[in-house]
Amino acid sequence: MRKILGLTLAAMLLAATTACSGGNNGKPATGSSDTAEPSVDQVELRIMWWGDQKRADKTNEALRKFEEKYPNIKVVGEFAPNSGYFDKLNTQLASGTAPDVFFLGGNVTDYADKGVLLDLQPYVGKELDLTDMDQTMVEYGTLGGKLVHISAGANARGMVINTELFKKAGMDIPADGWSWEDYARISKEISEKLGKGYYGTYNFTVEGMDIYMKQRGKQVYDMEKDALGFEQQDAEDWFNYWNDMSKNGGMVTPSLQVSNPPGDTSKSLVVTGKVAMSLIPSNQFAAHQNLIQDTLTMVQVPRGPKGTGVVFESSQGLSGYAKTEHPKEVATLMNYWINDPDAAQILGSDRGVPVTSKMRDLLMKDATPLEQTVYDFTSRVSEATKKEPFSISYNPPSFTEFTKLAETAVQEIGFEQKDVKQGVEDFYKGATQIFGSK
């Protein structure tokens with residue numbers, strides 16, 4: 001009798017112990033987003049991005065908010081300036097110590113080709129919700145049949161316009177729908193009316209080349225063929241356009257372009273009120289406007305035979321490391337980045353406008369006039385893309401080498417070391433060798 005009673009008590013104690021554990025080996029029940037108890041299984045993720053301290057502060061604030069919502073995931077952030085970021089990332093990838101999540105730009109193809117990026121497709125519809133993401137953004141992140149990149153912000157290239165210079169010249173402010181002939185004529189006219197020291201435009205032969213080619217049904221680099229996507233005559237036509245602009249006085253002189261490069265906002269002649277128009281990505285609009293009292297605006301690039309050639313494109317985004325031990329948590333972090341209202345309000349448009357329509361609508365409610373200009377412009381581009389779709393652009397292989405080659409050709413022609421025909425012939429030959437086409 002004592003033996004039976006002892007066994008009964010032991011069974012009761014075991015049952016009570018099991019009930020207290022929640023039936024899940026001591027872990028909180030999953031499937032409830034309301035529980036504030038952290039899981040026993042703590043996970044640590046590393047994430048790396050490029051940028052300045054201001055961006056770092058915003059990013060870290062967003063990561064702390066993420067940890068509040070997902071207490072079982074700790075996120076360690078690190079960043080580097082633009083100039084040294086990819087050297088650091090490449091070193092870590094080579095040694096197998098890369099972060100679980102890292103930022104990439106138009107060079108995402110290089111890393112996809114190396115096989116170092118996590119395929120996120122298995123987590124779509126589960127940890128990762130892409131239903132409200134612009135389709136072009138999803139396509140941008142899909143390479144080789146795998147989803148390897150989630151855009152963290154989007155922008156669109158367009159023309160920044162100094163409205164005050166146009167008013168001073170007594171000219172109408174340009175609008176969407178203009179042509180390249182209009183652009184050349186307006187550049188010359190405003191230069192003449194404003195006089196010495198003022199110019200209609202910067203020279204963006206290099207930056208605008210892919211746009212020009214797409215407007216003619218071509219592209220700088222054909223990924224499928226791994227070769228140039230345009231002919232030498234196409235390049236000659238484009239270079240001649242800018243050479244003519246230089247001769248008629250509508251464009252910044254070569255020496256001023258070198259000493260005041262448009263890519264360096266602090267030195268740009270746009271922000272000193274000496275250049276009326278230039279090509280910029282929309283996420284640089286605020287940096288320009290904040291440095292000048294004149295009112296700036298943005299319009300779409302001049303149209304070609306097949307439209308504008310500009311898509312609503314990724315400014316930069318997140319990719320996961322193929323060797324991460326926590327792929328589900330990586331997908332969860334990315335989902336938070338693009339779909340969570342708190343994340344959107346903290347991060348703002350620093351990396352471009354949000355890639356989901358709900359988050360764009362959320363930020364637009366409290367947008368400043370400056371931000372409203374960007375949202376309005378990118379919305380117009382997004383709508384235009386639906387009617388006139390174009391191929392998505394990535395940086396081609398050896399992008400830095402190609403860009404340097406093109407810039408050299410521009411300077412050789414600009415400083416009259418070569419005529420357009422010879423300069424383009426040398427450029428095209430070099431570009432063909434870079435891309436390995438026959």
Side-chain angles (χ1 to χ4, degrees), residues 28 30-39 42-79 99-103 120 123-134 137-138 141 149-155 282-283 286 312 314-320 324 326-368 370-372 374-375 378-379 382:
T30 58
S32 173
S33 59
D34 296 326
T35 179
E37 287 188 39
S39 168
Q42 287 290 313
V43 169
E44 180 173 296
L45 297 180
R46 289 171 53 221
I47 181 172
M48 188 167 75
W49 66 91
W50 71 81
D52 57 14
Q53 188 61 50
K54 181 180 178 182
R55 173 175 289 174
D57 292 341
K58 284 180 175 290
T59 303
N60 282 317
E61 182 182 352
L63 294 177
R64 300 294 79 78
K65 179 62 69 173
F66 172 80
E67 290 176 332
E68 289 179 17
K69 294 171 182 270
Y70 300 91
N72 65 308
I73 306 175
K74 176 180 174 58
V75 186
V76 178
E78 55 186 285
F79 70 102
D100 301 275
V101 183
F102 44 85
F103 276 78
L120 297 161
Y123 311 100
V124 174
K126 300 171 185 176
E127 292 80 9
L128 184 57
D129 180 8
L130 302 181
T131 55
D132 191 39
M133 191 176 191
D134 279 50
M137 299 290 97
V138 179
H149 191 69
I150 300 298
S151 295
N155 62 25
S282 57
N283 63 332
F312 191 48
S314 175
S315 56
Q316 55 179 273
L318 307 102
S319 287
T324 180
H326 310 292
K328 288 185 178 181
E329 288 79 6
V330 165
T332 299
L333 176 58
M334 293 181 180
N335 185 74
Y336 164 81
W337 205 282
I338 64 173
N339 288 313
D340 192 282
D342 288 331
Q345 291 178 325
I346 293 171
L347 295 166
S349 299
D350 179 65
R351 290 178 171 90
V353 301
V355 295
T356 54
S357 61
K358 290 179 182 177
M359 295 306 102
R360 285 200 296 273
D361 292 343
L362 175 69
L363 295 192
M364 283 180 69
K365 293 178 181 178
D366 299 315
T368 64
L370 187 156
E371 293 169 334
Q372 191 64 51
V374 175
Y375 285 125
T378 51
S379 293
S382 183

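Keep in mind that what you see is a predicted model, and the values were worked out from it rather than measured.
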For a 4.5 angstrom cut-off between non-hydrogen side-chain atoms, does [X] reach [Y]?
{"X": "Arg64", "Y": "Asn60", "value": "yes"}
{"X": "Glu371", "Y": "Leu363", "value": "no"}
{"X": "Pro341", "Y": "Lys358", "value": "no"}
{"X": "Leu63", "Y": "Trp337", "value": "yes"}
{"X": "Arg360", "Y": "Asp134", "value": "yes"}
{"X": "Phe103", "Y": "Leu318", "value": "yes"}
{"X": "Val76", "Y": "Leu45", "value": "no"}
{"X": "Thr324", "Y": "Val101", "value": "no"}

Rounded to the nearest 0.5 Å, what separates atom [atom1] in [X] from atom [atom2] in [Y]?
{"X": "Phe79", "Y": "Gln53", "atom1": "CZ", "atom2": "CD", "value": "4.0 Å"}
{"X": "Asp52", "Y": "Lys58", "atom1": "CG", "atom2": "NZ", "value": "10.5 Å"}
{"X": "Phe102", "Y": "Met48", "atom1": "CZ", "atom2": "CE", "value": "8.0 Å"}
{"X": "His326", "Y": "Lys328", "atom1": "NE2", "atom2": "NZ", "value": "13.0 Å"}
{"X": "Phe66", "Y": "Glu329", "atom1": "CZ", "atom2": "CD", "value": "8.5 Å"}
{"X": "Leu370", "Y": "Gln372", "atom1": "CG", "atom2": "CD", "value": "10.5 Å"}

What are the two closest non-hydrogen atoms of [X] and [Y], and how far apart are they?
{"X": "Pro71", "Y": "Gln42", "result": "O-OE1, 3.4 Å"}
{"X": "Thr378", "Y": "Ser282", "result": "CG2-OG, 3.5 Å"}
{"X": "Glu44", "Y": "Asp100", "result": "O-OD2, 4.0 Å"}
{"X": "Asn155", "Y": "Ser315", "result": "ND2-CB, 3.3 Å"}
{"X": "Ser319", "Y": "His149", "result": "OG-ND1, 3.0 Å"}

Would you check if there is a donor-acceptor pair between the side chains of [Y] and [X] at a distance under 3.5 Å?
{"X": "Ser357", "Y": "Asp132", "answer": "yes"}
{"X": "Tyr123", "Y": "Thr332", "answer": "no"}
{"X": "Arg351", "Y": "Thr59", "answer": "yes"}

Ile346 vs Glu61, side chain to side chain contact (heavy atoms under 4.5 Å, CB included): CA-CA, chis, key distance, verdict: CA-CA 7 Å; Ile346 293 171; Glu61 182 182 352; 3.8 Å; yes
Test log, rule side chain to side chain contact (heavy atoms under 4.5 Å, CB included), inputs Asp342 and Glu68: CA-CA 11 Å; Asp342 288 331; Glu68 289 179 17; over 6 Å; no
Tell me if a side-chain donor or acceptor on [X] pairs with a main-chain N or O of [Y] at a distance below 3.5 Å.
{"X": "Glu67", "Y": "Val75", "result": "yes"}
{"X": "Tyr336", "Y": "Ala62", "result": "yes"}
{"X": "Arg46", "Y": "Gly77", "result": "no"}
{"X": "Thr356", "Y": "Ile338", "result": "yes"}
{"X": "Asn339", "Y": "Asp129", "result": "yes"}

Check against side chain to side chain contact (heavy atoms under 4.5 Å, CB included), Ser151 and Gln316: CA-CA 6 Å; Ser151 295; Gln316 55 179 273; over 6 Å; no
Evaluation steps, side chain to side chain contact (heavy atoms under 4.5 Å, CB included), between Ile73 and Leu333: CA-CA 9 Å; Ile73 306 175; Leu333 176 58; over 6 Å; no
Pair Lys69 + Asp340, salt bridge at N-O below 4.0 Å: yes
